[in-house]
Amino acid sequence: MGYELRNEELNEMLAQLKKEYLIYAPKYFKGGGRFSDTDSVRYGEVSTADEIVFDKKAEYSFKEVLLPISQTLFYFTEDEVKEADAPKKGAIVFLRSCDLHGVKRLDEMYLNNGPSDHYYKRLRENVIFVLMGCEKSFDSCFCVDMGTNISDNYDMSIDRCENGYQLDCKSPKFEEALKKYAVREKKVTSAAVTETKTRVNIPANLSYQIANASLWREYDSRCINCGRCNFVCPTCTCFTMQDIFYTDNGRAGERRRVWASCMVDGYTDVAGGGNYRSKNGDRMRFKVLHKVLDYKERNGYHMCVGCGRCDDICPEYISFSNCINKLENGMKEVLANE
Ligand code: SF4
Ligand code: SF4
């Protein structure tokens, strides 16, 4: 069922929901931009609809709600281990269609890839997703080519309209609240883009032979292995473990898992001083092929959702979408050299 709410009533509804949930949405962080005196748009807790940024893309994704950057798993002493408490409140996340498709990838990795991940599952079970309609695409988006521009597996959707906001609701538990605060009921279809300025072409004959193409060597010197492209990505899921000791004797402390990046030094270090991908171009190759080749072979759809954030964030102006578009010529090169 769809509803129209004025700003004031939506704020009242959010205030009501805040008693039970933490509400996360893209919002401005004043002075938080990468250049001096600039703001950034990132995910943060919001209390009112006015704080939600609808007309800009969040530099980072919603991912840290489900996968905290640093998450304590348990505390230990010599004698016992105590699991870290789960958050007391659930979470409501406002996100766009590409990111909602990203949730599917995270679920695949943490819930269906062998035994489910306990810490992910206990957070995930209490998260509500509100789809933010996309009236237009941003410069670096390529969601249409990745098939992620439309989503219908949301709990609620929200779009701006002349008198405030229009929401569609698929979750019975919010119907009552919406009925209470709505000025009227109406049919609502959330906005979705059907074309993007950035386009990508993943060649149909893409195979692992592409690993021998010369295109990867460009990134040996251009990439500075900062890992930003991984950290902004809604579908990157890697983490590493850290034990933090509270005492000198190492007998009390906590274990945390923290985000890791396949582009950063140390990721492929192994015992004996080995390192599987020491060249930055090889790391780029691994990342790109994971996003558009091997994940699909296993799961039937690409890992990349085309959000374009990695293009936006790279300090070396390395474009992931351009790299995808080089794969066709790369395949021609390797096949000709066979
Ligand atoms: S953001 Fe750019 S420079 Fe940094 S690791 Fe990724 S591709 Fe390399
Ligand atoms: S690889 Fe880049 S474009 Fe694809 S989902 Fe990750 S950040 Fe978005």
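Values in this document were obtained by computation on a predicted structure and should not be read as measured data.
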- Take Tyr3 and Tyr181 through the ring pair (Phe, Tyr, Trp, His ring centres under 6.0 Å) test and state the conclusion after the steps. CA-CA 9 Å; Tyr3 303 90; Tyr181 292 108; over 10 Å; no
- Begin with the C-alpha distance, continue with both residues' side-chain angles, and end with the deciding distance and a verdict on side-chain contact (heavy atoms from CB on, under 4.5 Å) for Leu22 and Tyr24. CA-CA 7 Å; Leu22 299 171; Tyr24 296 98; 3.4 Å; yes
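Sparse packing is recorded around NZ of Lys187, with 12 or fewer heavy atoms of other residues, nucleotides or ligands lying under 6.0 Å away. The number of heavy atoms from other shown groups lying within 6.0 Å of OH (Tyr276) does not exceed 12. Around the CD atom of Glu78, the shell of radius 6.0 Å holds more than 12 heavy atoms that belong to other residues, nucleotides or ligands. For CD of Glu175, the number of neighbouring non-hydrogen atoms (other residues, nucleotides, ligands) closer than 6.0 Å is greater than 12. Within 6.0 Å of the NZ atom in Lys121, the count of heavy atoms belonging to other residues, nucleotides or ligands does not exceed 12. Other residues, nucleotides and ligands contribute more than 12 heavy atoms inside 6.0 Å of the CG atom of Asn249. More than 12 heavy atoms of other residues, nucleotides or ligands sit less than 6.0 Å from atom CZ of Arg277. Counted within 6.0 Å of CZ on Arg298, heavy atoms from surrounding residues, nucleotides or ligands total 12 or fewer; the atom is thus considered open.
For the residue pair Cys236 and Lys63, the shortest heavy atom distance occurs at O-NZ, 3.0 Å. Of all heavy-atom pairs between Tyr43 and Ala58, the closest is CE1-CB, 3.8 Å. When all heavy atoms are compared, the tightest approach of Ile52 to Ala25 is CG1-CB, 3.8 Å. Nearest heavy-atom pair, Ile210 versus Leu327, reported as atom, atom and distance to 0.1 Å: CD1-O, 3.6 Å. The heavy-atom pair separating Tyr154 from Leu131 by the smallest distance is CD2-CD2, 3.6 Å. When all heavy atoms of Val200 and Met146 are compared, the pair lying nearest together is CG2-SD, 3.9 Å.
Side-chain atoms of Asp220 come within 3.5 Å of backbone N or O of Gly281 as a donor-acceptor pair. Proximity of a side-chain donor or acceptor of Gln71 to a complementary backbone N or O of Pro68 within less than 3.5 Å is not detected. Checking side-chain atoms of Asn325 against main-chain N and O of Asn201 turns up a donor-acceptor pair under 3.5 Å. Without hydrogens or angle criteria, Arg34 side chain to Ile313 main chain gives a donor-acceptor distance under 3.5 Å. Between the side chain of Asn126 and the main chain of Pro87, no donor-acceptor pair closer than 3.5 Å is present. Side-chain N or O atoms of Arg309 include none that pairs as donor or acceptor with a backbone N or O of Pro234 at under 3.5 Å.
By the rule that hydrophobic residues join a cluster once side-chain heavy atoms approach within less than 4.5 Å of another member, Phe54 and Leu5 end up as members of one cluster.
Side-chain contact check for Asp311 and Ser321: at least one donor-acceptor pair (N or O, by modelled atom type) lies under 3.5 Å. Side-chain N/O atoms of Gln242 and Arg256 include no donor and acceptor closer than 3.5 Å. Between the side chains of Glu195 and Ser137, no donor-acceptor pair of N or O atoms lies under 3.5 Å.
Taking CG of Asp155 as the reference point, atom NZ of Lys170 lies at 10.0 Å (rounded to 0.5 Å).
With a 4.5 Å cut-off on side-chain heavy atoms, Cys226 and Val264 do not count as touching.
Remark: aromatic rings of Phe94 and Phe129 are distant, center separation not under 6.0 Å.
Checked for salt-bridge contact, Lys186 and Glu4 meet the test: a charged N lies under 4.0 Å from a carboxylate O.
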